[in-house]
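Some notes on the structure that comes next.
By convention here, the first residue in the shown sequence is residue 1.
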Amino acid sequence: MNFPLLTVTAAVPAAGAILTAAVPAARRTAAKWLALLFSLATLALAVLVAVRFEPGGDRYQLTESRAWIADFGVRYELGVDGIGVVLIGLTALLIPFVIAAGWHDADPLETQSKRWRPTQGFFALILLVEAMVIISFEATDVFLFYIFFEAMLIPMYFLIGGFGDRAHSGTDENAAAQRSYAAVKFLLYNLVGGLIMLAAVIGLYVVAGNFSLQEIAAARAAGTLDMATNTERLLFLGFFFAFAVKAPLWPLHTWLPNAMGESTAPVAVLITAVVDKVGTFAMLRFCLGLFPDASKWATPVILVLALISIVYGALVAVGQRDIKRLVAYASISHFGFIILGIFAMTSQGQSGATLYMVNHGLSTAALMLVAGFLISRRGSRLIADYGGVQKVAPVLAGTFLIGGLATLSLPGLAPFVSEFLVLVGTFARYPVVGIIATTGIVLAALYTLVLYQRTMTGPVKEEVRTMPDLRVREVLVVAPLIALLIGLGVYPKVLTDIVNPAVEHTMSDVKQTDPKPEVVVDAKNGEAAK
């Protein structure tokens, strides 16, 4: 029997969560180091998964399959393609930085009981989310995926509602009410999406007789799966709705600014850089893989929604007064680009969308974590409360600038490559859509540079005059992220070599090929030019 590497990769952070939660209340520092140790062990396993994965090999590799609920055709089936590999790597990479950045975010306040253990619970919940996200990227059984797709809502609810941002402009009671509202809104939106998906999952079983992604795909290829057109479309809508909530896609996005605004900066990173990626990943794996004809049928409407997300998210970000809510609306715009690339139905678009998931995770993590360090020093999320920070904390300001430039996809940084591929892939099939989407680039430059100008430049405000620069721990958190943004911006081939074969399989699922460039005949010279 082969070593169950995928199971172990998901089980290690789950075990770490249990052990971290069990650490005695008086040993908070030990709980932090234990959580960090397990996150690093998970990262090592994710690297091993990437090393053992063969880009030119079978579509799903390192597979595991065991009987689970045999009477209902449910199996414990795992497998990874190139898209899953890079997203598992992103998740495992970011969690140690999330833990290190939130090192003191859950330390108990003086008013809390000595028996209360918020620190242990905070880090245990982060590891639990990591475990559920990883197994979601690995699951090739639809029912197994659904369980963890929904289960991750529980630890996220407590991270948002129970460990909110302490830099709140109102009273403690008002802050608690805002956190509770954000957590409940997050939960309700995603639960509604999940319940609709559950109905679609049951419908899929009725039609296909099992939940195995690979068996359903094989039956469709062999022509033995009888799925009526209207049935396929209804099932597609059930799946897509849940994924669009998680992504989030306009108009199902409104939970995200509240959740990110009221969370600590590390939890905000966990939401948008890790958890939300499950939604866009699932669009590629399940929507296009299970319902190819319905995916093409719905493409025009989805492209319009993606365009609205791009422009709307960027426009609202320009007018934000709250730093964290600005980053949240910017993320809505970026997720619009990801979904645009997926449903452009071109290899460039889908490769770009996958790279965008990775690069958005890195750039948002860098920007949001530095913003969190900034907010913790001043005790305010309002942009107007800052000014002249670069004169008193140049390293903080410099890293904030690089994170911002990555967010606006500056050439030379990783997000530029992915955004360029998405736009090229979209323009090849839908030129008008591609042209409209480029407005998001202009607006991104506006909200990013205005944010930097208002917080970091100008006269030094009295409240920030004594602000300390980044500490060693904080530099160790941000520096690797910046190095990756630069490295992947210069040499993205390390990811595209893994992703492109998986994209080819997805394009084959939907029976699409890339549009050929038009050939124009030069009447004067009689030559053909592309």
Side-chain angles (χ1 to χ4, degrees), residues 97 101-102 105 164-170 175 256-257 260-269 272-273 313-334 360 362-410 413 415 441-471 473-475 477-479 481-482 485:
F97 297 123
D105 285 358
D165 190 358
R166 294 174 180 177
H168 199 283
S169 57
L256 182 65
M260 289 184 66
E262 299 304 322
S263 299
T264 64
V267 173
V269 170
T272 190
L315 281 173
V316 177
V318 171
Q320 287 301 303
R321 297 181 296 173
D322 183 309
I323 296 174
K324 292 168 72 176
R325 290 178 69 89
L326 185 152
V327 178
Y329 279 106
S331 291
I332 292 169
S333 182
H334 294 148
H360 170 262
L362 296 174
S363 62
T364 299
L367 181 61
M368 180 59 82
L369 292 179
V370 177
F373 299 149
L374 178 69
I375 292 168
S376 67
R377 285 159 165 74
R378 174 66 177 84
S380 173
R381 308 197 309 248
L382 299 179
I383 297 172
D385 289 340
Y386 296 88
V389 174
Q390 68 179 11
K391 296 178 182 178
V392 297
V395 177
L396 188 154
T399 53
F400 190 81
L401 178 61
I402 295 174
L405 293 176
T407 299
L408 66 83
S409 300
L410 184 76
L413 297 175
I441 301 174
V442 179
L443 293 171
L446 182 60
Y447 64 67
T448 299
L449 297 178
V450 168
L451 171 64
Y452 183 84
Q453 183 263 332
R454 291 178 178 175
T455 55
M456 301 294 162
T457 66
V460 179
K461 289 204 171 184
E462 190 62 34
E463 294 82 0
V464 303
R465 192 171 297 278
T466 59
M467 179 179 290
D469 211 336
L470 292 184
R471 302 177 179 90
R473 172 179 61 85
E474 295 166 337
V475 171
V477 168
V478 179
L481 294 174
I482 292 175
L485 287 170

* To do: With sequence neighbours excluded, tell me which residues meet side chain to side chain contact (heavy atoms under 4.5 Å, CB included) with Leu405.
  =>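 Result, side chain to side chain contact (heavy atoms under 4.5 Å, CB included) vs Leu405: Leu401, Leu408, Leu410, Leu413, Leu449.
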* Asked: Can you pull the side chain to side chain donor-acceptor pair (under 3.5 Å) pairs that have at least one residue in residues 384-396, sequence neighbours excluded?
  ->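 Listed by first then second residue: Ser380-Asp385, Gln390-Tyr452.
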Measure across [X] and [Y] and return the closest heavy-atom pair with its distance rounded to 0.1 Å.
X      : Y      : result
Val464 : Val460 : CG2-CG1, 3.9 Å
Ala328 : Pro257 : CB-CA, 3.8 Å
Met456 : Leu374 : CE-CD2, 3.8 Å
Ala371 : Ile323 : CB-CG2, 3.9 Å
Leu367 : Gly404 : CD1-N, 3.8 Å
Ala317 : Ala330 : CB-N, 4.1 Å

* For Arg471, which residues count as a salt bridge (Lys or Arg N to Asp or Glu O under 4.0 Å) partner, sequence neighbours excluded? ->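 Salt bridge (Lys or Arg N to Asp or Glu O under 4.0 Å) check on Arg471 returns Glu474.
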Are [X] and [Y] side-chain neighbours, meaning at least one heavy-atom pair lies under 4.5 Å?
X      : Y      : answer
Asp469 : Pro394 : yes
Leu481 : Leu369 : yes
Glu463 : Arg378 : yes
Thr455 : Phe400 : yes

[X]: partners by side-chain hydrogen bond (donor to acceptor under 3.5 Å, both in side chains), with sequence neighbours left out:
X      : result
Thr364 : His360
Thr272 : Ser331
Thr407 : none

Looking at [atom1] of [X] and [atom2] of [Y], how far apart are the two atoms once the value is rounded to the nearest 0.5 Å?
X      : Y      : atom1 : atom2 : value
Ile383 : Gln453 : CD1   : CD    : 10.5 Å
Ser376 : Asp105 : OG    : CG    : 7.5 Å
Met260 : Asp322 : CE    : CG    : 10.5 Å
Leu443 : Leu315 : CG    : CG    : 5.0 Å

* Any salt bridge between Glu262 and Arg381, counting N to O under 4.0 Å? ->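 Salt bridge: yes.
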* Please test Val327 against Gln320 for side-chain contact (heavy atoms from CB on, under 4.5 Å), starting from the C-alpha separation and ending with a verdict. => CA-CA 9 Å; Val327 178; Gln320 287 301 303; over 6 Å; no
* To do: Check the pair Val478 / Phe373 against side-chain contact (heavy atoms from CB on, under 4.5 Å), numbers first and verdict last.
  => CA-CA 10 Å; Val478 179; Phe373 299 149; 3.7 Å; yes
* To do: May I ask you to check whether over 12 heavy atoms, not counting those of Arg473, lie within 6.0 Å of atom CZ?
  =>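 Count over threshold, so yes.
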* Keeping the roles fixed (side chain from Thr448, backbone from Ala445), state whether a donor-acceptor pair exists under 3.5 Å. =>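 No; zero donor-acceptor contacts below 3.5 Å.
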